[in-house]
Amino acid sequence: MRKFLIAGNWKMNLNRAESVDLATRIVAKMPAPGAVEVGVIPTLLHLEAVRQVIRGHSLQLGAQNVYFEKKGAFTGEVSPAMLKDMGVQYVLAGHSERRHILGESDELVGKKAHAVVAEGLGLILCVGETLDQRKKSETMEIVGRQIETGLAQVDAAAAQAGHLVIAYEPVWAIGTGLTATAAQAQEAHAFIRTKLTEKYGRDTAESIRIQYGGSAKKANAAELLAQKDIDGLLIGGASLMADEFIGIVLAAVAAQSGHGNVA
Ligand code: PGA
């Protein structure tokens, strides 16, 4: 059974006090640990402050970015080891904002992905097509290439150890209020699982979680999570409100039983 992973990507929002406050509210309302996994992904600057709040609780800590080198003269960057030292459990790579606003290439994303798993950290590899690419029916080609290049140096051992999560996030659905329909999302997720099966074999591919991201919220969480290959949500805007985020977590707890059971 694949356990849902619900993660809140806070992006470049919230000051230190607001980050601490949001984490405190989430911790206070979290359901009993076990049924689903839940994490928050604050700005790198507030990792330590948020870590102090969630210490001893089941809430997980993620990072939004990383550099692929181990150490050295890379002004402004942070290494996987630095994140691990900070108590981070997983790291995003390939988020569409980094690909499309900051100009990260598939190759750079692949190097980051490798560096993350080589450090023993969890990787959330984000993939997804733009609206233009979807209109041109290029979705599978684009997503397929992002998976291949992103995972070129991520071996089966990392995937088998549970260190690999994929997030399918159609660019046109991120922060726009437009959500992929459950059927559109399921189609892309099934394709991604086929790609993972080609690379890692069926058993491993069936164990890898594929999150959906793109205007996910309390109102659409249950429908998305009811899809066979949707194993969690990566949430931006809706994760900045404690009640909304907890509402999504509760929807996931309700949807978890029986999800992802392999025949
Ligand atoms: P959104 O962001 O929920 O605000 O659309 C999702 C993401 O970028 O991970």
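In this chain, residues are counted from 1 in sequence order. Fair warning: this is a prediction, and the values are worked out from it, not measured in the lab.
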### Step-by-step side-chain contact (heavy atoms from CB on, under 4.5 Å) determination, T130 to K135
CA-CA 9 Å; T130 64; K135 282 186 180 154; over 6 Å; no
### Query
Between D155 and A158, is there a donor-acceptor pair closer than 3.5 Å when you use the side chain of the first and the backbone of the second?
yes
### Query
Do the side chains of L224 and L234 join up, straight or via other hydrophobic residues, at under 4.5 Å, putting them in one cluster?
no
### Query
Would you call Q64 and R98 a side-chain contact if the rule is heavy atoms closer than 4.5 Å?
no
### Task
Find the distance between CG (L240) and CG (N13) and round it off to the nearest 0.5 Å.
5.0 Å
### Query
Does a sphere of radius 6.0 Å around CD in Q133 hold more than 12 heavy atoms from other residues, nucleotides or ligands, not counting ones at 6.0 Å or beyond?
yes
### Message
Going by the rule salt bridge (Lys or Arg N to Asp or Glu O under 4.0 Å), which residues pair with E48 if we only count those two or more places apart in sequence or in a different chain?
### Response
R51
### Query
Would one find more than 12 heavy atoms of other residues, nucleotides or ligands at under 6.0 Å from atom CD of E223?
no
### Query
Are side-chain heavy atoms of E104 and N65 found at a separation under 4.5 Å?
yes
### Task
Apply side chain to side chain contact (heavy atoms under 4.5 Å, CB included) to M30 and list each qualifying residue two or more places apart in sequence or on a separate chain.
I26, V38, S58, L59, I246
### Task
Would you indicate whether the side-chain heavy atoms of R2 and D229 approach each other to under 4.5 Å?
yes
### Message
Would the distance check show the side chain of K199 and the main-chain N or O of E148 forming a donor-acceptor pair, the cut-off being under 3.5 Å?
### Response
no
### Task
Check for a donor-acceptor pair, side chain of R193 on one end and backbone N or O of I208 on the other, with a separation under 3.5 Å.
yes
### Task
Keeping to residues at least two apart or across chains, list the ring pair (Phe, Tyr, Trp, His ring centres under 6.0 Å) pairs with something in residues 172-192.
Y168-H189
### Query
Quick one: does K112's side chain get under 4.5 Å of L92's, heavy atoms only?
no
### Task
Give a yes or no on whether a salt bridge exists between K217 and E244, defined as a side-chain N under 4.0 angstrom from a carboxylate O.
no
### Task
Check whether L123 and V88 end up in the same hydrophobic cluster, where Ile, Leu, Val, Met, Phe, Trp and Tyr are linked by side-chain heavy atoms less than 4.5 Å apart.
yes
### Message
Rounded to the nearest 0.5 Å, what separates atom OG1 in T149 from atom CG in L108?
### Response
12.0 Å
### Query
Applying ring pair (Phe, Tyr, Trp, His ring centres under 6.0 Å), which residue pairs with at least one partner in residues 88-122 are found, sequence neighbours left out?
none
### Query
Does the distance from a Lys or Arg side-chain N to an Asp or Glu carboxylate O, for E37 and K3, drop under 4.0 Å?
no
### Query
Looking at side-chain heavy atoms only, is the closest gap between E169 and C126 below 4.5 Å?
yes
### Task
Can you measure from CD (Q52) to OG1 (T24) and round to the nearest 0.5 angstrom?
11.5 Å
### Task
If a pair satisfies ring pair (Phe, Tyr, Trp, His ring centres under 6.0 Å) and one of its residues is in residues 44-84, list it, with sequence neighbours excluded.
Y67-F74
#### Entry: Contact check, side chains of L5 and Q211, non-hydrogen atoms, under 4.5 Å
yes
## Note on the structure
Separation between CD (E141) and NZ (K136), nearest 0.5 Å, reads 10.0 Å
### Linked, directly or transitively: V20 and M241 (ILVMFWY side chains, under 4.5 Å)
no
### Query
Between V127 and I230, is there a shared hydrophobic cluster once you connect ILVMFWY residues whose side-chain heavy atoms come closer than 4.5 Å?
yes
#### Entry: Approximate separation, where rounding is to 0.5 Å, of D231 CG and E206 CD
9.0 Å
### Message
Quick check on R25: does its CZ atom have over 12 non-hydrogen neighbours (other residues, nucleotides or ligands) under 6.0 Å away?
### Response
no
### Summary
dist L225:CG -> L233:CG (nearest 0.5 Å) comes out at 4.5 Å
### Task
Please name all residues satisfying ring pair (Phe, Tyr, Trp, His ring centres under 6.0 Å) with F4, sequence neighbours left out, ordered by chain then number.
H259
### Message
Between the side chains of K29 and D243, is the shortest nitrogen-to-carboxylate-oxygen separation below 4.0 Å, so that they form an ion pair?
### Response
yes
### Query
Going by heavy atoms in the side chains, are S215 and T176 under 4.5 Å from each other?
yes
### Message
Using side-chain heavy atoms (C-beta onward) and a distance below 4.5 Å, is P170 in contact with E129?
### Response
yes
